[in-house]
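Here the structure comes first, spelled out in C-alpha cells, and everything after it is commentary.
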Amino acid sequence: PCKTFTKAMNLAIAGDSVVALEGTYTQALTISKSNITIEGIKAVITASPHGIQINSTAQNVTVRGFTVTGAQSHAIYIQGQTVTAENNKVYHNVLENGTLVNGVITCGDTAWGSAIKVGLGASNVTIRNNTVFENCGEGIASTRGSNVLIENNTVYDNKSVNIYVDNSFNVQVLNNNSYCMSIFPTGIALGEEYYSGWGAQLHDVTVSGNTITNCPTGIMAFQSDVSGTLTNVTLSNNYIPY
C-alpha cells in the first residue's frame with residue numbers, strides 16, 4: 001500500500017490497477033501514464049484545482065468508483081485519449097463560481113468550469129453511469145473534444161447546462177437522465193464558443209434516448225460564436241415531459 005496518489009502513480013506500470021480504499025483524500029489524483037485502471041472503493045477526493053486530472057500523455061485509462069467534491073474548478077478533467085470515466089459521484093465542485101458552507105452550495109455568475117470536463121485534445125472518451133449534481137458550472141461538458149460518448153449518466157441541478165457539447169465533433173449523448181429540482185439549467189445544450197485557432201467544429205452530434213424533466217429548456221442549440229452552422233446533428237427519441 002502507498003500513502004499518496006503520487007507514490008502509487010510513480011510505481012504503476014502499464015497493465016496495473018490502482019485501488020484507493022475507503023477514506024477521504026485531500027490530494028489530487030493526476031494521471032499521466034497509459035494503460036492503467038484507477039478504482040475507488042468508497043474513496044472521496046476533495047482537492048483543487050481539480051480532483052482527478054487525466055493528462056494528455058495518458059492513453060487507455062479508466063477511472064471509476066470515486067466521489068469527487070470540493071474542487072475549485074473541474075472535478076474530473078480529461079485531456080487524454082481512450083479514457084473511460086464511469087460510476088463516479090461528482091458534486092459541489094466548480095467553487096471558482098460559488099461557495100460551499102456547511103454542505104450548502106451557492107453559485108454565482110462569474111466564469112466557470114465543468115464538473116466532468118472533456119478538454120482540448122481528448123478523444124475516444126466515454127463518460128458513463130456517473131451521478132453529477134449541484135456543481136457551479138456545467139455538469140458534463142465536452143469542449144473541443146472528439147469521438148466522445150456520454151451515456152447513462154444522471155445529471156441534475158447544476159448551475160449551467162446539465163450536459164453541454166461545446167465546439168466538439170463526433171459526440172453521442174445517449175440515454176442520460178437530466179433533470180431540475182432546485183436549480184433550473186438547460187437539460188442538454190449544443191454550443192460553438194470561440195477558442196483561438198479552433199474555429200467552427202461542432203458537427204456530427206447525436207442526442208438520443210435522453211429523459212429531461214422539469215428544466216425550463218429541454219434541448220437547446222446556442223447561436224454559434226464563430227459563424228458556424230449545425231452540421232450532421234441528430235435529435236431523436238428524447239423524452240421531455242411537460
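Count residues from 1 along the sequence. Hydrogens, waters and symmetry mates are skipped; everything else that's a heavy atom, side chains included, is used.
Between Ser73 and Glu96, the closest heavy-atom pair is OG-OE2, 3.4 Å. Heavy-atom minimum distance, Phe66 versus Ala20: CE2-CB, 3.7 Å. Gly228 and Ala200 make their closest contact through CA-CB, 3.9 Å (heavy atoms, listed as atom of the first residue, atom of the second, distance).
For the 3.5 Å distance criterion, the side chains of Ser48 and Gln72 fail to qualify, holding no donor opposite an acceptor. Glu192 and Ser224 share a side-chain donor-acceptor pair at under 3.5 Å. No side-chain donor from either of Asn147 and Ser123 sits under 3.5 Å from a side-chain acceptor of the other. Looking at Ser182 and Asp157, their side chains do bring a donor and an acceptor atom within 3.5 Å of each other. With 3.5 Å as the limit, one finds no donor-acceptor pair spanning the side chains of Thr69 and Thr46. Side-chain atoms of Tyr77 and Asn55 include no donor-acceptor pair closer than 3.5 Å.
In this structure, Ser160 and Pro185 have side chains that are not in contact, with every pair of non-hydrogen atoms separated by 4.5 Å or more. Side-chain atoms of Arg64 and Thr37, non-hydrogen and from C-beta on, do get closer than 4.5 Å to each other. Here the side chains of Val155 and Asn177 are not in contact, with every heavy-atom distance at 4.5 Å or above. Residues Cys215 and Thr186 form no side-chain contact, since every pair of their non-hydrogen atoms from C-beta on lies 4.5 Å or further apart. Leu120 places none of its side-chain heavy atoms less than 4.5 Å from the side chain of Gln79. Counting heavy atoms from C-beta outward, Ile127 and Asn153 have side chains that approach closer than 4.5 Å. Between Asn238 and Val207, some side-chain heavy-atom pair lies under the 4.5 Å cut-off. With contacts defined as side-chain heavy-atom distances shorter than 4.5 Å, the pair Thr154/Tyr179 qualifies.
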| field | Evaluation steps, side chain to side chain donor-acceptor pair (under 3.5 Å), between Thr110 and Asn97 | value | CA-CA 6 Å; Thr110 59; Asn97 185 43; 2.9 Å; yes
| query | So Gln201 and Tyr195, side chain to side chain donor-acceptor pair (under 3.5 Å) or not? Walk me through it. | reply | CA-CA 10 Å; Gln201 298 199 50; Tyr195 301 99; over 6 Å; no
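Residue Ile13 is not grouped with residue Ile31 when hydrophobic side chains (ILVMFWY) are merged at heavy-atom distances under 4.5 angstrom, including chains of intermediate members. In the hydrophobic clustering of this structure, Ile41 groups with Val90; members are Ile, Leu, Val, Met, Phe, Trp, Tyr whose side-chain heavy atoms approach within less than 4.5 Å, directly or through other members.
A cation-pi contact, defined as under 6.0 Å to the ring centre and within 45° of the axis, links Lys89 to Tyr91.
The OG atom of Ser56 lies 13.0 Å from the CD1 atom of Ile78; values are rounded to the nearest 0.5 Å.
Listed for the Ser168 side chain is a donor-acceptor partner under 3.5 Å among the backbone atoms of Arg144. Of the possible polar contacts, one joining the Asn135 side chain to the Asn93 backbone as a donor-acceptor pair under 3.5 Å is found. In this structure, the side chain of Asn167 engages the main chain of Glu193 through a donor-acceptor pair within 3.5 Å.
Comment: Lys159 engages Asp109 in a salt bridge, judged by a side-chain N to carboxylate O separation of less than 4.0 angstrom.
Atom OH of Tyr239 has 12 or fewer heavy atoms from other residues, nucleotides or ligands within 6.0 Å.
Test Thr84, Thr82, Asn35 against Asn60 for side-chain hydrogen bond (donor to acceptor under 3.5 Å, both in side chains) and you get one pass: Asn35. A side-chain hydrogen bond (donor to acceptor under 3.5 Å, both in side chains) with Ser178 is found for one member of Asn162, Thr211, Asn214, Asn210 and no other, namely Asn162.
Grouping Ile, Leu, Val, Met, Phe, Trp and Tyr by side-chain contacts under 4.5 Å, direct or through others, leaves Val101 on its own.
Classification of the Phe169-His203 ring pair by plane angle, with boundaries at 30° and 60°, yields parallel.
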